[in-house]
2 protein chains.
Amino acid sequence: MTRWLSIEEQAVWRSWLVATSMMRERLSQDQEEGSGFSVEEYGLLVQLSEAEGRRLRMSSLAVLGLYSRSRLSHSISRLVDKGWVTKEPCDTDRRGAWAVLTKAGFEALEAAAPIHIESVREHLLDPLTTEQVAQLGQICATIAEHLCSIEGADTALALRVMGGPAPEPSK
Amino acid sequence: MTRWLSIEEQAVWRSWLVATSMMRERLSQDQEEGSGFSVEEYGLLVQLSEAEGRRLRMSSLAVLGLYSRSRLSHSISRLVDKGWVTKEPCDTDRRGAWAVLTKAGFEALEAAAPIHIESVREHLLDPLTTEQVAQLGQICATIAEHLCSIEGADTALALRVMGGPAPEPSK
DNA sequence: CCCAAGTAGTTGACAGATCAACTAATAGGG
DNA sequence: CCCTATTAGTTGATCTGTCAACTACTTGGG
(Lines give C-alpha, C1' and ligand atoms only; values in the text may rest on other atoms or scores of the structure.)
Protein backbone atom coordinates (compact mmCIF):
# COMPACT_ATOMS: atom_id res chain seq x y z
CA MET A 1 0.00 0.00 0.00
CA THR A 2 1.83 3.02 -1.23
CA ARG A 3 1.44 6.19 0.78
CA TRP A 4 1.49 8.66 -2.12
CA LEU A 5 2.86 12.14 -1.70
CA SER A 6 0.46 15.01 -1.13
CA ILE A 7 0.74 18.04 -3.38
CA GLU A 8 2.73 19.84 -0.72
CA GLU A 9 5.07 16.93 -0.19
CA GLN A 10 5.59 16.66 -3.90
CA ALA A 11 6.46 20.31 -4.04
CA VAL A 12 8.98 19.88 -1.24
CA TRP A 13 10.55 16.91 -2.93
CA ARG A 14 10.83 18.59 -6.29
CA SER A 15 12.28 21.75 -4.89
CA TRP A 16 14.78 19.62 -3.02
CA LEU A 17 15.72 17.93 -6.29
CA VAL A 18 16.04 21.16 -8.18
CA ALA A 19 17.88 22.99 -5.43
CA THR A 20 20.38 20.24 -4.74
CA SER A 21 21.14 19.54 -8.34
CA MET A 22 21.43 23.16 -9.37
CA MET A 23 23.52 23.97 -6.33
CA ARG A 24 25.90 21.14 -7.06
CA GLU A 25 26.26 22.25 -10.64
CA ARG A 26 26.78 25.89 -9.82
CA LEU A 27 29.40 25.06 -7.24
CA SER A 28 31.31 22.90 -9.70
CA GLN A 29 31.24 25.62 -12.24
CA ASP A 30 32.45 28.38 -9.91
CA GLN A 31 35.09 26.09 -8.53
CA GLU A 32 36.55 24.79 -11.73
CA GLU A 33 36.71 28.20 -13.30
CA GLY A 34 38.91 29.55 -10.56
CA SER A 35 41.00 26.65 -9.32
CA GLY A 36 42.53 23.72 -11.11
CA PHE A 37 40.36 21.03 -9.56
CA SER A 38 36.82 19.80 -9.19
CA VAL A 39 34.58 20.14 -6.15
CA GLU A 40 35.07 16.47 -5.38
CA GLU A 41 38.84 16.79 -5.41
CA TYR A 42 38.49 19.89 -3.28
CA GLY A 43 36.62 17.88 -0.70
CA LEU A 44 39.33 15.28 -0.54
CA LEU A 45 42.05 17.87 -0.17
CA VAL A 46 40.13 19.55 2.63
CA GLN A 47 39.87 16.29 4.51
CA LEU A 48 43.58 15.71 4.14
CA SER A 49 44.43 19.26 5.17
CA GLU A 50 42.46 18.89 8.38
CA ALA A 51 43.93 15.55 9.33
CA GLU A 52 46.87 15.14 11.66
CA GLY A 53 50.06 15.39 9.68
CA ARG A 54 47.94 16.25 6.64
CA ARG A 55 47.69 12.56 5.92
CA LEU A 56 45.04 9.89 6.06
CA ARG A 57 44.86 6.22 5.38
CA MET A 58 43.07 5.50 2.13
CA SER A 59 40.13 3.83 3.80
CA SER A 60 39.60 6.60 6.33
CA LEU A 61 39.70 9.15 3.58
CA ALA A 62 37.17 7.12 1.64
CA VAL A 63 34.79 7.15 4.60
CA LEU A 64 35.28 10.83 5.37
CA GLY A 65 34.87 11.85 1.76
CA LEU A 66 31.97 9.50 1.10
CA TYR A 67 33.99 7.81 -1.65
CA SER A 68 34.05 4.19 -2.60
CA ARG A 69 37.46 2.54 -2.28
CA SER A 70 37.73 2.21 -6.00
CA ARG A 71 36.73 5.74 -6.77
CA LEU A 72 39.17 7.02 -4.20
CA SER A 73 41.97 4.96 -5.62
CA HIS A 74 41.40 6.39 -9.09
CA SER A 75 40.97 9.94 -7.80
CA ILE A 76 44.07 9.85 -5.69
CA SER A 77 46.12 8.60 -8.61
CA ARG A 78 45.05 11.66 -10.53
CA LEU A 79 45.89 13.92 -7.61
CA VAL A 80 49.29 12.27 -7.36
CA ASP A 81 49.87 12.92 -11.05
CA LYS A 82 49.06 16.56 -10.52
CA GLY A 83 51.44 16.74 -7.59
CA TRP A 84 48.90 17.68 -4.91
CA VAL A 85 49.20 14.39 -3.05
CA THR A 86 51.79 11.69 -2.51
CA LYS A 87 51.34 8.17 -1.30
CA GLU A 88 53.41 6.59 1.43
CA PRO A 89 53.47 3.02 2.64
CA CYS A 90 52.14 2.33 6.10
CA ASP A 91 54.57 0.92 8.65
CA THR A 92 52.07 -0.70 10.96
CA ASP A 93 50.02 -2.38 8.25
CA ARG A 94 51.83 -3.33 5.12
CA ARG A 95 48.64 -3.55 3.10
CA GLY A 96 47.91 0.06 3.91
CA ALA A 97 48.80 3.34 2.31
CA TRP A 98 48.83 6.94 3.47
CA ALA A 99 47.57 9.69 1.24
CA VAL A 100 49.63 12.75 2.09
CA LEU A 101 48.88 16.32 1.09
CA THR A 102 51.94 17.95 -0.49
CA LYS A 103 53.00 21.53 0.01
CA ALA A 104 51.82 22.30 -3.49
CA GLY A 105 48.51 20.66 -2.71
CA PHE A 106 48.07 22.72 0.41
CA GLU A 107 48.85 25.90 -1.46
CA ALA A 108 46.43 25.04 -4.23
CA LEU A 109 43.81 24.42 -1.59
CA GLU A 110 44.46 27.74 0.08
CA ALA A 111 44.15 29.47 -3.25
CA ALA A 112 40.88 27.72 -4.03
CA ALA A 113 39.22 28.19 -0.65
CA PRO A 114 38.03 31.79 -1.11
CA ILE A 115 36.34 30.90 -4.38
CA HIS A 116 34.64 27.95 -2.75
CA ILE A 117 33.49 29.93 0.26
CA GLU A 118 32.25 32.78 -1.85
CA SER A 119 30.15 30.39 -3.89
CA VAL A 120 28.67 28.76 -0.81
CA ARG A 121 27.78 32.12 0.66
CA GLU A 122 26.37 33.59 -2.47
CA HIS A 123 24.22 30.68 -3.53
CA LEU A 124 23.28 28.95 -0.32
CA LEU A 125 23.68 31.10 2.77
CA ASP A 126 23.00 34.63 1.56
CA PRO A 127 19.61 33.99 -0.01
CA LEU A 128 18.35 32.55 3.28
CA THR A 129 17.49 34.29 6.51
CA THR A 130 19.65 33.55 9.54
CA GLU A 131 16.80 31.55 10.93
CA GLN A 132 16.48 29.50 7.78
CA VAL A 133 20.18 28.74 7.80
CA ALA A 134 19.83 27.36 11.30
CA GLN A 135 16.79 25.33 10.28
CA LEU A 136 18.59 23.98 7.25
CA GLY A 137 21.51 22.89 9.38
CA GLN A 138 19.20 21.06 11.73
CA ILE A 139 17.29 19.44 8.92
CA CYS A 140 20.33 18.25 7.02
CA ALA A 141 21.94 16.94 10.15
CA THR A 142 18.81 14.95 10.92
CA ILE A 143 18.66 13.51 7.43
CA ALA A 144 22.34 12.69 7.40
CA GLU A 145 22.21 11.01 10.78
CA HIS A 146 19.22 9.00 9.75
CA LEU A 147 20.95 7.83 6.59
CA CYS A 148 24.11 7.00 8.48
CA SER A 149 22.20 4.93 11.00
CA ILE A 150 20.87 2.81 8.14
CA GLU A 151 24.19 2.23 6.48
CA GLY A 152 27.25 0.78 8.09
CA ALA A 153 28.25 2.14 11.45
CA ASP A 154 31.40 3.87 10.35
CA THR A 155 29.76 6.02 7.75
CA ALA A 156 28.83 8.10 10.75
CA LEU A 157 32.42 9.23 10.82
CA ALA A 158 31.69 11.51 7.94
CA LEU A 159 29.54 13.46 10.35
CA ARG A 160 32.23 14.01 12.91
CA VAL A 161 32.79 17.58 11.78
CA MET A 162 29.16 18.38 12.07
CA GLY A 163 29.26 19.27 15.68
CA GLY A 164 30.31 17.65 18.88
CA PRO A 165 33.67 16.07 19.55
CA ALA A 166 35.15 13.61 17.12
CA PRO A 167 34.28 10.01 17.95
CA GLU A 168 37.16 7.63 18.32
CA PRO A 169 38.19 6.31 14.90
CA SER A 170 36.95 2.77 14.50
CA LYS A 171 40.37 1.14 14.27
CA MET B 1 38.46 40.01 1.27
CA THR B 2 37.06 36.60 1.94
CA ARG B 3 34.22 36.38 4.42
CA TRP B 4 35.12 33.03 5.98
CA LEU B 5 32.47 30.73 7.32
CA SER B 6 31.78 30.67 11.03
CA ILE B 7 31.83 27.34 12.81
CA GLU B 8 28.06 27.19 12.64
CA GLU B 9 27.99 28.02 8.96
CA GLN B 10 30.60 25.40 8.30
CA ALA B 11 28.50 22.85 10.11
CA VAL B 12 25.47 23.77 8.03
CA TRP B 13 27.44 23.52 4.83
CA ARG B 14 28.94 20.18 5.67
CA SER B 15 25.70 18.68 6.76
CA TRP B 16 24.19 19.92 3.53
CA LEU B 17 26.96 18.20 1.62
CA VAL B 18 26.64 14.96 3.51
CA ALA B 19 22.85 14.93 3.46
CA THR B 20 22.51 15.72 -0.23
CA SER B 21 25.15 13.30 -1.37
CA MET B 22 24.00 10.44 0.86
CA MET B 23 20.39 11.04 -0.04
CA ARG B 24 21.16 10.95 -3.74
CA GLU B 25 23.11 7.77 -3.34
CA ARG B 26 20.50 6.03 -1.25
CA LEU B 27 17.76 6.94 -3.66
CA SER B 28 19.74 5.56 -6.59
CA GLN B 29 20.33 2.37 -4.75
CA ASP B 30 16.72 1.83 -3.71
CA GLN B 31 15.58 2.73 -7.17
CA GLU B 32 17.91 0.59 -9.20
CA GLU B 33 17.35 -2.42 -7.04
CA GLY B 34 13.64 -2.39 -7.65
CA SER B 35 13.18 -0.99 -11.13
CA GLY B 36 15.24 -1.28 -14.26
CA PHE B 37 16.38 2.33 -14.44
CA SER B 38 18.34 5.02 -12.65
CA VAL B 39 16.95 7.98 -10.74
CA GLU B 40 17.92 10.27 -13.58
CA GLU B 41 16.06 8.22 -16.10
CA TYR B 42 13.13 8.07 -13.71
CA GLY B 43 13.06 11.86 -13.65
CA LEU B 44 12.91 12.05 -17.41
CA LEU B 45 10.14 9.50 -17.63
CA VAL B 46 8.14 11.39 -15.02
CA GLN B 47 8.41 14.58 -17.01
CA LEU B 48 7.25 12.79 -20.12
CA SER B 49 4.40 11.10 -18.32
CA GLU B 50 3.09 14.41 -17.06
CA ALA B 51 3.29 16.17 -20.40
CA GLU B 52 0.39 16.45 -22.79
CA GLY B 53 0.27 13.40 -24.98
CA ARG B 54 3.11 11.96 -22.91
CA ARG B 55 5.53 13.65 -25.26
CA LEU B 56 7.91 16.56 -25.14
CA ARG B 57 10.24 18.27 -27.53
CA MET B 58 13.83 17.41 -26.75
CA SER B 59 14.75 20.92 -25.72
CA SER B 60 11.79 21.31 -23.38
CA LEU B 61 12.59 18.03 -21.77
CA ALA B 62 16.17 19.13 -21.36
CA VAL B 63 15.08 22.26 -19.52
CA LEU B 64 12.52 20.49 -17.35
CA GLY B 65 14.92 17.74 -16.44
CA LEU B 66 17.88 20.05 -15.93
CA TYR B 67 19.78 18.17 -18.62
CA SER B 68 22.18 19.54 -21.18
CA ARG B 69 21.13 18.96 -24.77
CA SER B 70 23.91 16.57 -25.29
CA ARG B 71 23.30 14.57 -22.17
CA LEU B 72 19.65 14.33 -23.01
CA SER B 73 20.39 13.12 -26.48
CA HIS B 74 22.58 10.33 -25.14
CA SER B 75 20.14 9.42 -22.37
CA ILE B 76 17.17 9.30 -24.67
CA SER B 77 19.02 7.02 -27.07
CA ARG B 78 19.53 4.60 -24.23
CA LEU B 79 15.87 4.84 -23.24
CA VAL B 80 14.90 4.20 -26.84
CA ASP B 81 17.09 1.12 -26.88
CA LYS B 82 15.32 -0.14 -23.80
CA GLY B 83 11.98 0.51 -25.39
CA TRP B 84 10.67 3.03 -22.83
CA VAL B 85 10.69 5.93 -25.26
CA THR B 86 10.38 6.49 -29.00
CA LYS B 87 11.33 9.48 -31.07
CA GLU B 88 9.06 11.12 -33.59
CA PRO B 89 9.82 13.86 -36.05
CA CYS B 90 8.16 17.20 -35.50
CA ASP B 91 5.79 18.47 -38.19
CA THR B 92 6.01 22.16 -37.45
CA ASP B 93 9.78 22.31 -37.17
CA ARG B 94 11.71 19.82 -39.16
CA ARG B 95 14.80 20.23 -37.02
CA GLY B 96 12.85 19.15 -34.01
CA ALA B 97 12.06 15.82 -32.41
CA TRP B 98 9.50 14.59 -29.96
CA ALA B 99 10.45 12.22 -27.20
CA VAL B 100 7.40 10.04 -26.60
CA LEU B 101 6.81 7.77 -23.65
CA THR B 102 5.82 4.29 -24.81
CA LYS B 103 3.25 2.08 -23.17
CA ALA B 104 6.04 -0.08 -21.83
CA GLY B 105 7.77 3.03 -20.51
CA PHE B 106 4.64 4.16 -18.73
CA GLU B 107 4.14 0.77 -17.19
CA ALA B 108 7.72 0.61 -16.04
CA LEU B 109 7.25 4.02 -14.51
CA GLU B 110 4.11 2.95 -12.70
CA ALA B 111 5.90 -0.06 -11.35
CA ALA B 112 8.82 2.03 -10.16
CA ALA B 113 6.84 4.83 -8.56
CA PRO B 114 5.99 3.14 -5.26
CA ILE B 115 9.62 2.28 -4.69
CA HIS B 116 10.63 5.82 -5.40
CA ILE B 117 7.98 7.31 -3.17
CA GLU B 118 8.75 4.92 -0.37
CA SER B 119 12.39 5.89 -0.49
CA VAL B 120 11.61 9.59 -0.43
CA ARG B 121 9.31 9.17 2.53
CA GLU B 122 11.57 6.92 4.49
CA HIS B 123 14.76 8.88 4.08
CA LEU B 124 13.67 12.46 3.66
CA LEU B 125 10.15 13.13 4.88
CA ASP B 126 9.67 10.71 7.76
CA PRO B 127 12.74 11.65 9.80
CA LEU B 128 11.60 15.29 9.83
CA THR B 129 8.77 16.92 11.72
CA THR B 130 5.88 18.33 9.70
CA GLU B 131 7.18 21.75 10.49
CA GLN B 132 10.65 20.92 9.24
CA VAL B 133 9.26 19.54 6.01
CA ALA B 134 7.53 22.85 5.42
CA GLN B 135 10.68 24.76 6.27
CA LEU B 136 12.73 22.60 3.94
CA GLY B 137 10.31 23.24 1.10
CA GLN B 138 10.54 26.95 1.64
CA ILE B 139 14.31 26.89 1.87
CA CYS B 140 14.85 24.77 -1.22
CA ALA B 141 12.42 26.85 -3.22
CA THR B 142 14.32 29.99 -2.23
CA ILE B 143 17.64 28.50 -3.19
CA ALA B 144 16.31 27.16 -6.46
CA GLU B 145 14.71 30.44 -7.40
CA HIS B 146 17.86 32.30 -6.58
CA LEU B 147 19.93 29.98 -8.74
CA CYS B 148 17.43 30.20 -11.57
CA SER B 149 17.52 33.97 -11.50
CA ILE B 150 21.27 33.83 -12.03
CA GLU B 151 21.17 31.43 -14.92
CA GLY B 152 19.22 31.81 -18.10
CA ALA B 153 15.61 32.84 -17.82
CA ASP B 154 14.07 29.64 -19.00
CA THR B 155 15.71 27.46 -16.43
CA ALA B 156 12.93 28.79 -14.25
CA LEU B 157 10.64 26.47 -16.11
CA ALA B 158 12.03 23.61 -14.12
CA LEU B 159 10.34 25.16 -11.14
CA ARG B 160 6.91 25.30 -12.67
CA VAL B 161 5.79 22.30 -10.72
CA MET B 162 6.89 23.80 -7.49
CA GLY B 163 3.73 25.67 -6.88
CA GLY B 164 1.70 28.29 -8.63
CA PRO B 165 0.38 28.01 -12.14
CA ALA B 166 2.67 27.07 -15.00
CA PRO B 167 4.19 30.10 -16.70
CA GLU B 168 3.74 30.32 -20.44
CA PRO B 169 6.45 28.28 -22.18
CA SER B 170 9.07 30.60 -23.65
CA LYS B 171 8.43 29.69 -27.26
C1' DC C 1 14.69 36.34 -52.41
C1' DC C 2 18.99 35.64 -50.25
C1' DC C 3 22.20 35.31 -46.77
C1' DA C 4 23.84 35.64 -41.99
C1' DA C 5 22.74 34.43 -37.48
C1' DG C 6 20.51 31.69 -34.40
C1' DT C 7 18.24 27.28 -32.88
C1' DA C 8 17.40 21.95 -32.61
C1' DG C 9 19.51 18.12 -32.11
C1' DT C 10 23.38 14.62 -32.75
C1' DT C 11 27.94 12.87 -32.56
C1' DG C 12 32.51 11.33 -31.02
C1' DA C 13 36.43 12.00 -28.08
C1' DC C 14 37.51 12.31 -23.56
C1' DA C 15 37.09 12.39 -18.25
C1' DG C 16 35.16 10.54 -14.37
C1' DA C 17 32.37 6.86 -11.74
C1' DT C 18 30.92 2.14 -10.91
C1' DC C 19 31.44 -2.73 -10.62
C1' DA C 20 33.53 -7.04 -10.23
C1' DA C 21 37.70 -9.34 -10.03
C1' DC C 22 42.08 -9.40 -8.29
C1' DT C 23 46.57 -9.30 -5.05
C1' DA C 24 48.46 -8.93 -0.75
C1' DA C 25 48.49 -8.76 4.04
C1' DT C 26 46.36 -9.27 8.66
C1' DA C 27 43.52 -11.42 12.20
C1' DG C 28 41.58 -14.88 14.83
C1' DG C 29 39.82 -19.53 15.90
C1' DG C 30 41.26 -24.15 16.29
C1' DC D 1 51.26 -22.50 14.18
C1' DC D 2 48.20 -22.95 10.38
C1' DC D 3 44.26 -22.06 7.62
C1' DT D 4 40.24 -19.50 6.66
C1' DA D 5 37.88 -15.19 6.65
C1' DT D 6 38.43 -10.45 6.47
C1' DT D 7 40.41 -6.09 5.30
C1' DA D 8 43.38 -2.72 2.33
C1' DG D 9 43.96 -1.25 -1.80
C1' DT D 10 44.35 -1.54 -7.03
C1' DT D 11 43.02 -2.55 -11.67
C1' DG D 12 40.49 -2.75 -16.04
C1' DA D 13 36.05 -3.04 -18.41
C1' DT D 14 32.11 -0.58 -18.93
C1' DC D 15 28.83 3.05 -18.41
C1' DT D 16 27.53 7.83 -17.97
C1' DG D 17 28.36 12.79 -18.42
C1' DT D 18 30.79 16.79 -20.61
C1' DC D 19 32.67 19.40 -24.19
C1' DA D 20 33.35 21.06 -28.71
C1' DA D 21 32.34 20.36 -33.30
C1' DC D 22 29.08 19.34 -36.55
C1' DT D 23 24.56 19.07 -39.67
C1' DA D 24 20.24 20.66 -40.70
C1' DC D 25 16.69 23.77 -40.40
C1' DT D 26 14.45 28.34 -39.36
C1' DT D 27 14.30 33.26 -38.93
C1' DG D 28 14.71 37.93 -40.00
C1' DG D 29 17.07 41.92 -42.07
C1' DG D 30 18.24 44.03 -46.32
Side-chain angles (χ1 to χ4, degrees), chain A residues 21-22 24-29 31-33 36-44 55-82 85-100 152-154 169-171, chain B residues 21-22 24-29 31-33 36-44 55-82 85-100 152-154 169-171:
Chain A
S21 98
M22 289 190 76
R24 171 179 296 275
E25 200 176 332
R26 180 104 298 273
L27 195 67
S28 298
Q29 207 123 13
Q31 184 89 290
E32 262 152 286
E33 276 170 23
F37 37 75
S38 70
V39 195
E40 287 77 22
E41 291 176 325
Y42 181 84
L44 291 182
R55 67 182 52 221
L56 282 170
R57 286 289 295 276
M58 291 296 278
S59 18
S60 312
L61 182 51
V63 172
L64 291 174
L66 299 173
Y67 268 50
S68 72
R69 291 166 176 287
S70 157
R71 183 183 175 196
L72 182 66
S73 199
H74 287 297
S75 296
I76 290 289
S77 316
R78 274 170 250 142
L79 291 173
V80 168
D81 290 344
K82 294 191 196 165
V85 171
T86 50
K87 279 204 282 194
E88 289 181 16
C90 175
D91 291 337
T92 61
D93 184 341
R94 282 190 300 174
R95 291 168 302 181
W98 292 100
V100 188
D154 59 341
S170 58
K171 69 165 308 325
Chain B
S21 98
M22 290 189 74
R24 170 179 298 273
E25 201 176 333
R26 181 103 297 273
L27 195 67
S28 299
Q29 209 123 15
Q31 184 90 291
E32 263 152 290
E33 275 170 25
F37 36 75
S38 69
V39 195
E40 288 77 22
E41 291 176 324
Y42 181 83
L44 291 182
R55 66 182 52 220
L56 281 170
R57 287 288 297 274
M58 292 294 278
S59 19
S60 312
L61 181 51
V63 172
L64 291 174
L66 298 174
Y67 268 51
S68 71
R69 292 167 176 286
S70 154
R71 184 183 174 194
L72 182 65
S73 199
H74 287 298
S75 296
I76 290 288
S77 317
R78 273 170 251 148
L79 291 174
V80 168
D81 290 344
K82 293 190 195 165
V85 171
T86 50
K87 279 204 283 194
E88 290 183 15
C90 175
D91 292 335
T92 62
D93 184 342
R94 282 191 300 176
R95 291 167 302 181
W98 292 99
V100 187
D154 60 340
S170 56
K171 71 161 309 336

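Just so we're on the same page: letters track the sequence lines, and every chain starts at 1.
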For this session: Report the nucleotide, chosen from dC25(D), dG9(C), dA25(C), that has the shortest atom-to-atom distance to any side-chain atom of D93(B).
Result: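 Selected nucleotide: dC25(D).
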Are [X] and [N] close enough that a side-chain N or O sits under 4.0 Å from OP1 or OP2?
X	N	result
K87(A)	dG9(D)	no
S73(A)	dT11(D)	no
R57(A)	dG9(D)	yes

Between atom [atom1] in [X] and atom [atom2] in [N], what is the gap in whole Å?
X	N	atom1	atom2	answer
R94(A)	dA27(C)	CZ	P	11 Å
L72(A)	dA17(C)	CG	C1'	13 Å
L66(A)	dT18(C)	CG	C1'	16 Å
E88(B)	dG9(C)	CD	P	14 Å
M58(A)	dT10(D)	CE	C1'	9 Å
L61(A)	dA8(D)	CG	P	14 Å

For this session: Kindly give the heavy-atom pair with the smallest separation between R57(B) and W98(B), and that separation in Å.
Result: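 Minimum heavy-atom contact is N-CE3, 3.6 Å.
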Exercise. If you take all heavy atoms of A97(A) and C90(A), which pair is closest and at what distance?
Worked result: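 Shortest heavy-atom separation between A97(A) and C90(A) comes out as N-CB, 4.2 Å.
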Exercise. Do other residues, nucleotides or ligands put more than 12 heavy atoms under 6.0 Å from D91(B) CG?
Worked result: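 No, not enclosed.
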Problem set entry | Donor-acceptor pair, side chain of S77(A) and main chain of S73(A), under 3.5 angstrom |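 Looks like yes, one N/O pair under 3.5 Å.
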Exercise. Do the side chains of E41(A) and S75(A) get nearer than 4.5 Å, heavy atoms only?
Worked result: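 No; the side chains remain at least 4.5 Å from each other.
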Exercise. Looking at CD1 of I76(B) and CG of D81(B), how far apart are the two atoms once the value is rounded to the nearest 0.5 Å?
Worked result: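 So the CD1 of I76(B) and the CG of D81(B) are separated by 11.0 Å.
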Report all interatomic pairs (protein N or O, nucleotide N or O of nucleotides 16-23 of chain D) with separations under 3.5 Å.
from: dG17(D); atom 1: OP1; to: R71(B); atom 2: NE; distance (Å): 3.4
from: dG17(D); atom 1: OP1; to: R71(B); atom 2: NH2; distance (Å): 2.8
from: dG17(D); atom 1: OP2; to: R78(B); atom 2: NH1; distance (Å): 3.2
from: dT18(D); atom 1: O4; to: H74(B); atom 2: NE2; distance (Å): 3.3
from: dC19(D); atom 1: N4; to: S70(B); atom 2: OG; distance (Å): 2.5

Show each protein N/O and nucleotides 4-7 of chain D N/O combination with a separation under 3.5 Å, one pair to a line.
from: dT7(D); atom 1: O2; to: R95(A); atom 2: NH1; distance (Å): 2.5

